[in-house]
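In each ligand, atom 1 is the first atom listed, and ligand 1 is the first ligand listed.
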Amino acid sequence: MKRLFFTLMALSAIALSYAAKPKYVFVFVGDGMGMGHVMAAETYNRTVLGNDENILMMRFPVASLAMTYSADSPVTDSAAAGTALATGFKTKNSMVGMSPDTVAVESVSHELKEKFGYGVGIVTSVCYDDATPATHFAHQANRGMYEEINRDGACSGFDFIAGANTSARNDGEKAGRIFDEYRKNGYTVINGLGSRNELEAGDKILLTAPYEDKAAQIGYTIDSIQGAATLPQLTRLCLGHLMKVSPDKFFMMVEAGNIDHAAHGNDGGAVVKEILNFQEAIQVAYDFYLRHPKETLIVVTADHDTGGMTVGVDKGPSRPVLKNIDYQRISKERFSDVCVAEGGNTWQEMKSLLSEKLGFWSHIPVDEVEEARMLECYGRMKAKAAGTQKTLYKDFNEFTAVVFDILNHKTGLGFTTFSHTGNPVPVFAVGVGCGAFSDLNNNIEIPQKIRKLTGLAD
Ligand SMILES: [Zn+2]
């Protein structure tokens, strides 16, 4: 009797361990999404949208942290952090899918495809061959080696790769060679969201959807660009494709790269809107999880913090006013161009633009000191004597820099840098095996844990 009991126990333990293997793995990476960014979106969700429930990722049963330092710096870049999250190995900044001594290291997504035949989908709102997505399929000593990175991508066998563009987009000839390489390897290359026929035709798809020619991203949510692709849309297309070519098992990585772009520019309103948009992409996976709860794992994390964003800022309001974000109808990046093109010839005309695009005066009171500060910089811009605020993705004119500094302060959002920080990032998880992520994670442990859960490692 006792022996039978133990046999049954052993069998149920085995059954459990089999049941505990996720057949569907989703990893969501908010590029640059620190806890301050998430909390800003959550504060907007609670105080402006009036939702009693937290935003979706914060409702997951596991909420933890990950440390992000790279092999050569306390402050990582997206290449080293992407390599850590995709492969489970620390490397030096700028390196893609390689150890510090340039030995190729494999990603979990690649291993799941090679060893277990998983379908693989990689989706991002920035260039698909940018550091974070590239770490899943490429092994190169520098993130800027786009042609080599794409040669690896074309041979990856991944079923669906989607993003805004190739990073080599400014060199037409090189971009052409890159897309040909994918075609040679059996990919259907689609520009835009693709017709049903195009999507149906290809087993392997490379999709690019820049919001305008040569754009490095699919467009900011806050700019509501007509006809532009959105991250939730790309996520749905990827999921649909994987369900067609590999319905039994797949791995999917979705990167919200625009969070990083907005945070590099210290554009608080754009960051919040990008995170809410990211939420909708996560919702696509969460709805899938609800249909396959015993087979699905979803992990949401970030590669690093960008900007050191905080709710609350020196010389800001005692109670942050996130409602101001509702009046912001344009990203800082776009405003920098628009204020030159459409700012008119007088301060009055510029004031109406500030009112229309950012809600100044019409919805957000502006005091004399603030107006004087903007007017003084406006004068220098007109005299072509204004400076430039240089950041990674955009050089802002000084007037835009002053305007958005005032806006962030009035809203109560702070930033410590235009670059990355060494702050830890959040980890949220739900589904099969999610408990594995509940302790403080080093970023390399996230793929290592996925290896164990899927049976790639003991
Ligand atoms: Zn960045």
*Measure the shortest side-chain to side-chain distance between Ile450 and Val27 over non-hydrogen atoms and say whether it is less than 4.5 angstrom.*
yes
*Is it the case that Lys332 places NZ or CZ above or below the six-membered ring of Phe396, under 6.0 angstrom from the centre and within 45 degrees of the axis?*
yes
*Just checking, any donor-acceptor pair under 3.5 angstrom between side chains of Glu255 and Thr132?*
yes
*Compare all side-chain heavy atoms of Leu239 with those of Val284 and state whether any distance is below 4.5 angstrom.*
yes
*Could you verify whether a donor N or O on one side chain and an acceptor N or O on the other, from Tyr146 and Asp130, lie under 3.5 Å apart?*
no
*Using a cut-off of 2.8 Å, find all protein N, O or S atoms closer to the Zn ion (ligand 1) than that distance.*
Asp260 OD1, Asp260 OD2, His264 NE2, His420 NE2
*asked:* Given 3.5 Å as the limit, does a donor-acceptor pair link the side chain of His420 with the main chain of Thr76, or not?
replied: yes
